[in-house]
Amino acid sequence: MNFLNRMIQGFSRWVGKGLVLLSLLTSASAQQEWDIYLLGGQSNAEGRALNSGLPRSLRDLQSDVMFFNGVGGSWGDLGPGTGGNSATGGDSSQFGPELSLGRTLADDHPTRNIAIVKYGAGGTNLHTQWDPDDAGADNEYDRFLRTVNNAITALPAGDTYTLKGMLWMQGENDAPATGGNSVSANSVAYEANLTNFISRVREDLGESELTFVIGQIGHLKDVPNSSANWTIVQNAQARTAALDDHAQMVVNTDLPLKDLVHYNAAGQETLGENFAKALQGRIDQLQINNGSFEIAAFGNNDDGDQADNLDSTLISGWSESGVSGSAAKQDETGTMNLDSGVYSNAATLDIDGSNVLSIVGDIALEQSLSAVAVIGKTYTLTAAIGDRDVGLYQDFAGARVELLSDGQVLADSGEILSGDVVDGAFTDISFSYTVESDDNFGVLGIRLVSLNENAGSSSVDFDNVRITSVSELKITKFNQVSGNSIEVTWTSVPWETYAIDISWDLVNWSEFVPEIEGAISPVVTTSYLMSLPPPEVPRLFYRVRVK
């Protein structure tokens, strides 16, 4: 059911506006064409950052970006004061991600007319308040659709538009932050609810391939023990993006906060910029959530007593598995700020930031990424692994690092034992794997495993986990598509530039097509259509190369 049909069949009170929408869609006297971007969610979509924290470049009205805020909004130049609750008209002292989103999009596409429509409602959940299948009273989803309809209706007469994408920043209220590791049914259902929500947005707006960018929920400021639900929702958002060919996710765990959950001015500016980059396929989907473990799971420690810092708790962005021991302090995981009494030279440790992950016992931590395994791509997974020199649990437990696809091991580092790492220091352990045609093409993931050698007195520390991917450049298709045209297709990387060369003898090559930009993610191949060589040419060879 498309947007107009939903208006007519599902919400009779909107029929009048639905018919206006039809007249806009069928108008033949277009004056301007607008690229419309939709922004929705809860308070971090609305924005709670103060205008006073804006950089000078975002303090003025943006005359090249139109903005519509909330059900009762109106079109105007984008500028500060667009934050706060959209349902009540916003807050003139605050702003959200729309400022840097609009600025980045307009700068990247100076010949396009950029317009942003926002509807947000702070403190709302997806499972009920944004539920598109709720046939009862007017809810946030209904008000979001009404906002979009009102914005389109209010476009200048004769103007046309294209819905270019939707940005979604929500999930905190589906991940209760209290109750320790008590799992909420709403967080468990978040993946299914988000998948359904995206599907319904596309259906109701009549855009089956609408680009959808998910803002992953960040972290809780100054809260040492985030609940299990926080990680469940973070992983659900990653999996949803990975399984959707027209969705991406931006990782927000490193964005600065002004209070418990709201991004400050710098955080909102970065969020908007990352949203714009993701819309254009310029965000690396192989981002690791809390890969340097700077979001503390059990506070910091500077007194050398690591026992104070360990607990069977979840690390933000990571899920815990494989717990088998029952004795006290035998199966624990946590983050800590290690002091010089634990490693031989803390000042020169090859680690990132202040905190590291520490595991004692039979425990593995894993997380899903917002990408799927791709044939021909080579993935390189690296982790800094620490072997304590002195202190509690100084014996090295041994470790293994695994690359996953839908939870199954795609490749691993092999067993890493005490002889493989430097005593009293961190050592980078790395391995690479190229995905083959008979591999499992599921959602990529990472697992960090403690081998629990020397049980009862051993541990392993991890830090700075990162992953990269490189596509093998090869032609995957070369065929005649019409009487005088051929199409060549090759594996590509977004925003990379390629050229096509020709040769008559495979020795001397000439540049035939000088510059072709790689297809935007999530597409992993690029195609180019060329004319067949004239009949008098007996043979011709083609090659694709990176510029």
Side-chain angles (χ1 to χ4, degrees), residues 1-42 45-46 65-78 82 85-90 96 98 101-102 113-121 124 126 129-170 196-213:
M1 184 184 298
N2 63 29
F3 186 30
L4 182 59
N5 287 338
R6 176 183 171 93
M7 296 284 192
I8 295 172
Q9 298 180 23
F11 297 93
S12 60
R13 60 187 179 277
W14 294 350
V15 169
K17 292 184 176 64
L19 294 176
V20 172
L21 175 61
L22 180 61
S23 69
L24 283 171
L25 288 170
T26 58
S27 173
S29 57
Q31 296 177 344
Q32 297 281 353
E33 181 179 353
W34 295 94
D35 291 345
I36 296 181
Y37 298 87
L38 310 177
L39 173 60
Q42 54 184 107
E46 296 176 317
V65 182
M66 285 233 295
F67 184 67
F68 191 101
N69 192 15
V71 177
S74 60
W75 287 111
D77 291 343
L78 178 63
T82 52
N85 195 322
S86 301
T88 59
E98 60 278 348
L101 168 67
N113 296 311
I114 306 298
I116 299 172
V117 177
K118 180 170 82 168
Y119 178 80
T124 54
L126 178 60
Q129 293 163 296
W130 284 88
D131 180 9
D133 297 322
D134 182 1
D138 205 32
N139 71 359
E140 302 303 339
Y141 185 76
D142 300 333
R143 288 186 278 273
F144 160 72
L145 283 185
R146 194 156 68 249
T147 298
V148 176
N149 182 60
N150 291 349
I152 291 172
T153 301
L155 285 173
D159 283 9
T160 59
Y161 69 92
T162 300
L163 295 179
K164 301 292 288 187
M166 178 163 179
L167 301 313
W168 178 246
M169 187 63 244
Q170 190 278 335
N196 179 60
F197 177 80
I198 294 172
S199 176
R200 287 297 302 275
V201 167
R202 289 171 175 158
E203 178 182 348
D204 293 335
L205 296 180
E207 296 287 344
S208 62
E209 296 183 353
L210 182 70
T211 299
F212 208 99
V213 180

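- Partners of Ala151 by side chain to side chain contact (heavy atoms under 4.5 Å, CB included), not counting sequence neighbours, listed by chain and number: Phe68, Trp75, Val117.
- A donor-acceptor distance shorter than 3.5 angstrom exists from the side chain of Glu98 to the backbone of Gly96, with no hydrogens or angles considered.
- Under a 3.5 Å cut-off, the side chain of Asn139 and the backbone N or O of Asp131 do form a donor-acceptor pair.
- Separation of atoms CZ (Phe212) and CG (Leu167) is listed at 9.0 Å; rounding is to 0.5 Å.
- Between atom CD of residue Gln170 and atom CG of residue Leu126 there is a gap of 5.0 Å, rounded to the nearest 0.5 Å.
- Applying the side chain to side chain contact (heavy atoms under 4.5 Å, CB included) rule to Thr124 yields the partners Gln42, Ala121, Gln129, Trp130, Glu140; only residues at least two apart in sequence or on another chain are considered.
- Contact annotation: the side chain of Val201 never approaches that of Leu145 to less than 4.5 Å [non-hydrogen atoms, C-beta and beyond].
- Under the 30°/60° scheme for interplanar angles, the aromatic rings of Tyr141 and Phe197 are found to stand perpendicular.
- Separation of atoms CD (Glu46) and CG (Asn69) is listed at 8.5 Å; rounding is to 0.5 Å.
- Not a single donor-acceptor pair under 3.5 Å links the side chain of Asn150 to the backbone N or O of Thr147.
- Residues passing the side-chain hydrogen bond (donor to acceptor under 3.5 Å, both in side chains) test with Asn113 are Gln32, sequence neighbours excluded.
- Taken to the nearest 0.5 Å, the CD1 atom of Ile116 stands 4.0 Å off from the CG atom of Leu101.
- In this structure Asp35 satisfies the side-chain hydrogen bond (donor to acceptor under 3.5 Å, both in side chains) test together with Arg112, sequence neighbours excluded.
- The distance from atom CG of Asn149 to atom CG of Asp204, rounded to the nearest 0.5 Å, is 12.0 Å.
- Going from atom CD1 of Ile36 over to atom NZ of Lys164 covers 11.5 Å, rounded to the nearest 0.5 Å.
- Nearest heavy-atom pair across Ala45 and Gly40 is CB-O, 3.4 Å.
- Sequence neighbours left out, not one pair with a member in residues 69-78 passes salt bridge (charged side-chain N to carboxylate O under 4.0 Å, His left out).
- Side-chain contact between Glu33 and Thr162: present, with at least one pair of heavy atoms (C-beta onward) separated by less than 4.5 Å.
- Between Leu38 and Leu205, the closest side-chain pair of non-hydrogen atoms falls below 4.5 Å.
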